[in-house]
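For reference, the structure I am asking about is given below.
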Amino acid sequence: MTASSGRRVLLAAPRGYCAGVDRAVIAVEKALEQYGAPIYVRHEIVHNKYVVQTLEKKGAIFVERTEEVPEGNIVMFSAHGVAPVVHEEAERGRLATIDATCPLVTKVHKEAVRFANDDYDILLIGHEGHEEVIGTSGEAPEHITLVDGPEDVAKVEVRDPSKVVWLSQTTLSVDETMETVDALKEKFPQLISPPSDDICYATQNRQLAVKQMGAEADLVIVVGSRNSSNSKRLVEVAKLAGAREAYLVDFADEIDESWLQGVSTVGVTSGASVPEVLVEQVLEWLAGRGFEDVEIVKAAEESITFSLPKELRRDLREEAAALIAERTGSSRE
C-alpha cells in the first residue's frame, strides 16, 4: 500500500521523553551501575508501565512508602517530587537519598515556599491525589488550597483577597488551566500569577503538536500509561482539536483494529514519559495495515537538558552504612 491509497500517519514532534523524565530514568540506571542493586524508588520514577518494568528487571525496587525501604539502603525520589516530610522519613529510616525531582517541579516547590513565607494564600491548580500535587502541597500545607478544575472555584475561600496567588501542576492541559485561572480571577480580581509559567515546556509543546494535527486526523493514538497525567491530557486535546476519536495505549497490541474503520489519517504522539521504542512499534503496527506514509507535524524544537542529581557524585553505599553505624553507636551509649 502506498501513499496513493490516501492512508497516512501524522507523527507529532516533539513527543515522548522530556528532559526531566530522561534525567530521572538515567539517574536510576546510573545508581544501579554505580552502587549495584537494589536501588529503591519511592513511587514510579515516571508514569510509564514499560519504563518501570524495564528498570525492575535491572534491579530497581518500587515502593509506595518510605517505611518500606529497609534501613541502610538507598532510596530515590521520583521525578514528580516529594513533600519535606518524606525527606524527614528517609532521615529517620537511616536511608541515603537521591532526589530525581524534575527541576521544573522543584521550581514550583520553591515558589510555594516563597509565597507561603510572604503569607499568601496559594491556589494550586491540579488533580487531587497526583504525586506532584501531594509533593507541592506538602511544602506549605497551611497556605495551599487545591483547585481541581473550574468547577472547584465556587467553593474556594481565602483569608485576604488581596494576597492570593495561583500555581499549577506542571503536566496539565494549558487551555483547561487557563479556564480555571479565568474563573479564579473573576472571583478574586487581585489574584497574582506565578512569576513564570508553571506548566512545563514539554507539556505545552506536545499539546501544541497535537492541536496542529488533531484537526486533520480522523483518529489520534496517544502512547502513554493511564496514570500519566500529561498523556491523558493529550487525548483530551486531540478531541478538542477536531479528531473524531482519540485513544490512549501503552503498547501497539492494545490498538483495536476496529478503530481504523473509515479512517484515512491517523495522528500518533506520545506522553512525556514514553520511550521512542513504543512509538516505533505503533508505527510498525499501522504500516502493516496500510498506513505507511508518515508525515511529521513539528510544533517546536527542544534542546533543554538537565544535569543528573548531585547525589550520584557521592558514595551513597558508604553513607548508608555510616548511618547504620551511627544508629548502632548511639544505641550503645
Check your understanding: According to a 4.5 Å side-chain heavy-atom criterion applied to Ile, Leu, Val, Met, Phe, Trp and Tyr, with indirect links allowed, do Leu146 and Ile192 form part of one hydrophobic cluster?
Key -> yes

**Study point:** Among Leu32, Val28, Ile26, side chain to side chain contact (heavy atoms under 4.5 Å, CB included) partner for Lys30
**Key:**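 Exactly one candidate clears the test, Ile26.
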
Exercise for review: Would you mind reporting whether Val222 and Ser270 have side-chain heavy atoms less than 4.5 Å apart?
Suggested key: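 Not in contact.
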
Point to revise | Path from Ile61 to Val69 over hydrophobic side-chain contacts below 4.5 Å | key: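 Result: yes, single cluster for both.
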
Check your understanding: Is it the case that one hydrophobic cluster holds both Val268 and Leu234, taking links as side-chain heavy atoms less than 4.5 Å apart, direct or via other members?
Key ->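 Shared cluster, no.
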
**Study point:** Val266 side chain reached by Leu10 side chain, heavy atoms, under 4.5 Å
**Key:** no

Check your understanding: Hey, are Glu301 and Lys298 close enough for a salt bridge, meaning a charged N less than 4.0 Å from a carboxylate O?
Key ->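 Yes, Glu301 and Lys298 are salt-bridged.
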
Check your understanding: Roughly how far apart are Thr203 OG1 and Leu208 CG, rounded to 0.5 Å?
Key ->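 Here the interatomic distance stands at 12.5 Å.
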
Point to revise | Closest contact, heavy atoms only, Ser273 versus Val51 | key: O-CG2, 3.9 Å

**Study point:** Reported CZ-to-CD1 distance for the pair Arg317 and Ile39, which is rounded to 0.5 angstrom
**Key:**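 Arg317 CZ to Ile39 CD1: 4.5 Å, rounded to 0.5 Å.
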
Point to revise | Separation between CZ of Arg15 and CG of Asn205, rounded to the nearest 0.5 Å | key: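 Separation between the atoms: 13.0 Å.
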
Exercise for review: Take atom CD of Glu91 as the centre, draw a 6.0 Å sphere, and report whether it contains more than 12 heavy atoms from other residues, nucleotides or ligands.
Suggested key: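 Open: at most 12 neighbouring heavy atoms sit under 6.0 Å from CD of Glu91.
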
Review point. Is there a donor in the side chain of Thr265 and an acceptor in the side chain of Arg8, or the other way round, less than 3.5 Å apart?
Key: yes

**Study point:** Electrostatic pair Arg226-Glu254, nearest N-O below 4.0 angstrom
**Key:**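 A salt bridge links Arg226 with Glu254.
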
Exercise for review: Indicate yes or no: does Arg206 engage Glu302 in a salt bridge with an N to O separation below 4.0 Å.
Suggested key: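 Yes, charged N to carboxylate O under 4.0 Å.
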
Practice item. Determine, for Glu236 against Arg233, whether the closest basic-nitrogen to carboxylate-oxygen distance falls under 4.0 angstrom. Key: yes

Review point. Among side-chain atoms of Glu44 and His80, is any donor-acceptor pair under 3.5 angstrom?
Key: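 No.
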
Review point. Quick one: do the Ser173 and Asp175 side chains pair a donor with an acceptor below 3.5 Å?
Key: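 No, because no side-chain N or O of Ser173 sits under 3.5 Å from a partner of the opposite role on Asp175.
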
**Study point:** Lys/Arg-Asp/Glu bridge criterion (N-O < 4.0 Å) met for Lys163, Asp118
**Key:**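 Salt bridge absent between Lys163 and Asp118.
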
Practice item. Give a yes or no on whether Lys187 atom NZ has more than 12 heavy-atom contacts from other residues, nucleotides or ligands under 6.0 Å away. Key: yes

Review point. Any side-chain donor-acceptor pair under 3.5 Å between Gln204 and Asp197?
Key: yes

Exercise for review: Verify, without hydrogens or angle tests, whether Asp152 (side chain) and Val147 (backbone) share a donor-acceptor contact under 3.5 angstrom.
Suggested key: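 Absent.
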
Exercise for review: Determine yes or no for a side-chain-to-main-chain donor-acceptor pair under 3.5 angstrom, with Glu71 supplying the side chain and Leu95 the backbone.
Suggested key: no

**Study point:** Closest heavy-atom pair and its distance - Tyr17, Val25
**Key:**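 Looking at all heavy atoms of both residues, the closest pair is OH-CG2, 3.8 Å.
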
Practice item. Going by the side chain to side chain contact (heavy atoms under 4.5 Å, CB included) test, name the single residue among Thr180, Val181, Leu124 that passes it with Trp166. Key: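 One option only clears the test, and that one is Val181.
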
Review point. Going by atom types alone, do Glu64 and His43 pair a side-chain donor with an acceptor below 3.5 Å?
Key: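 A donor-acceptor contact under 3.5 Å links the two side chains.
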
Review point. Looking only at side chains, do His143 and Asp119 share a donor and an acceptor under 3.5 Å apart?
Key: yes

Review point. Sub-3.5 Å donor-acceptor pair from the side chain of Asp22 to the main-chain atoms of Cys18, do we have one?
Key: no

**Study point:** Cluster link Val75 to Ile45, ILVMFWY, side chain under 4.5 Å
**Key:** no

Review point. Which atom names give the shortest non-hydrogen contact between Phe77 and Ala90, and what distance separates them?
Key: CZ-CB, 4.1 Å

Review point. Should Thr170 and Glu132 count as side-chain neighbours, where that means a heavy-atom distance under 4.5 Å?
Key: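 Yes, at least one pair of side-chain atoms sits under 4.5 Å.
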
Point to revise | Spacing of Phe251 atom CZ and Leu278 atom CG [to the nearest 0.5 Å] | key: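 CG of Leu278 is found 6.0 Å from CZ of Phe251.
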
Check your understanding: At what distance, to the nearest 0.5 angstrom, does CG of Leu167 lie from CZ of Arg114?
Key ->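 Rounded to the nearest 0.5 Å, the CG-CZ separation comes out at 9.5 Å.
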
Check your understanding: Between Arg289 and Glu284, is there a salt bridge with N-O shorter than 4.0 Å?
Key ->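 No salt bridge links Glu284 with Arg289.
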
**Study point:** Heavy-atom closest pair, residues Leu104 and Cys200
**Key:**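 Minimum heavy-atom separation between Leu104 and Cys200: CD1-CB, 3.5 Å.
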
Check your understanding: Do other residues, nucleotides or ligands put more than 12 heavy atoms under 6.0 Å from Lys110 NZ?
Key ->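 No, NZ of Lys110 has 12 or fewer neighbouring heavy atoms, counting only those of other groups under 6.0 Å.
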
Exercise for review: Side-chain contact test, heavy atoms from C-beta onward, threshold under 4.5 Å: evaluate it for Val223 versus Thr269 and give yes or no.
Suggested key: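 A side-chain contact under 4.5 Å is absent here.
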
Point to revise | Exceeds 12 heavy-atom contacts within 6.0 angstrom, atom CD of Gln53 | key: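 Yes, the 6.0 Å shell around CD holds more than 12 heavy atoms from other groups.
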
Practice item. Give a yes or no on whether Glu295 atom CD has more than 12 heavy-atom contacts from other residues, nucleotides or ligands under 6.0 Å away. Key: yes

Review point. With no hydrogens and no angle check, is any side-chain donor or acceptor of Gln207 less than 3.5 Å from a backbone partner on Leu172?
Key: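 Checking the backbone N and O of Leu172 against the side chain of Gln207, a donor-acceptor pair under 3.5 Å is found.
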
Check your understanding: Hey, what do you get for CZ (Phe62) to CD (Glu68), rounding to the nearest 0.5 Å?
Key ->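 Rounded to the nearest 0.5 Å, the CZ-CD separation comes out at 13.0 Å.
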
Practice item. Assign the ring pair Trp259 / Tyr247 to parallel, tilted or perpendicular, where the plane angle (0 to 90°) is split at 30° and 60°. Key: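 Rings of Trp259 and Tyr247: parallel, as their planes differ by under 30°.
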
Practice item. Without swapping roles, check the side chain of Glu311 against the backbone of Leu316 for a donor-acceptor pair under 3.5 Å. Key: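 Pair absent, no side-chain N/O of Glu311 close to backbone of Leu316.
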
Review point. Do you see a donor-acceptor pair shorter than 3.5 Å between the side chains of Asp218 and Ser264?
Key: yes

Check your understanding: Heavy-atom distance under 4.5 Å between the side chains of Leu123 and Phe188, does that happen here?
Key -> yes

Check your understanding: Going only through I, L, V, M, F, W and Y residues with side-chain contacts under 4.5 Å, is there a path from Leu283 to Ile221?
Key -> yes

Check your understanding: Looking only at heavy atoms, what is the nearest atom pair of Lys239 and Ala246, with distance?
Key -> CE-O, 3.6 Å

Exercise for review: State, to 0.1 Å, how close Ile122 and Ala116 come at their nearest heavy-atom pair, and which atoms those are.
Suggested key: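 Nearest pair, atom of Ile122 first, then Ala116: CD1-N, 3.9 Å.
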
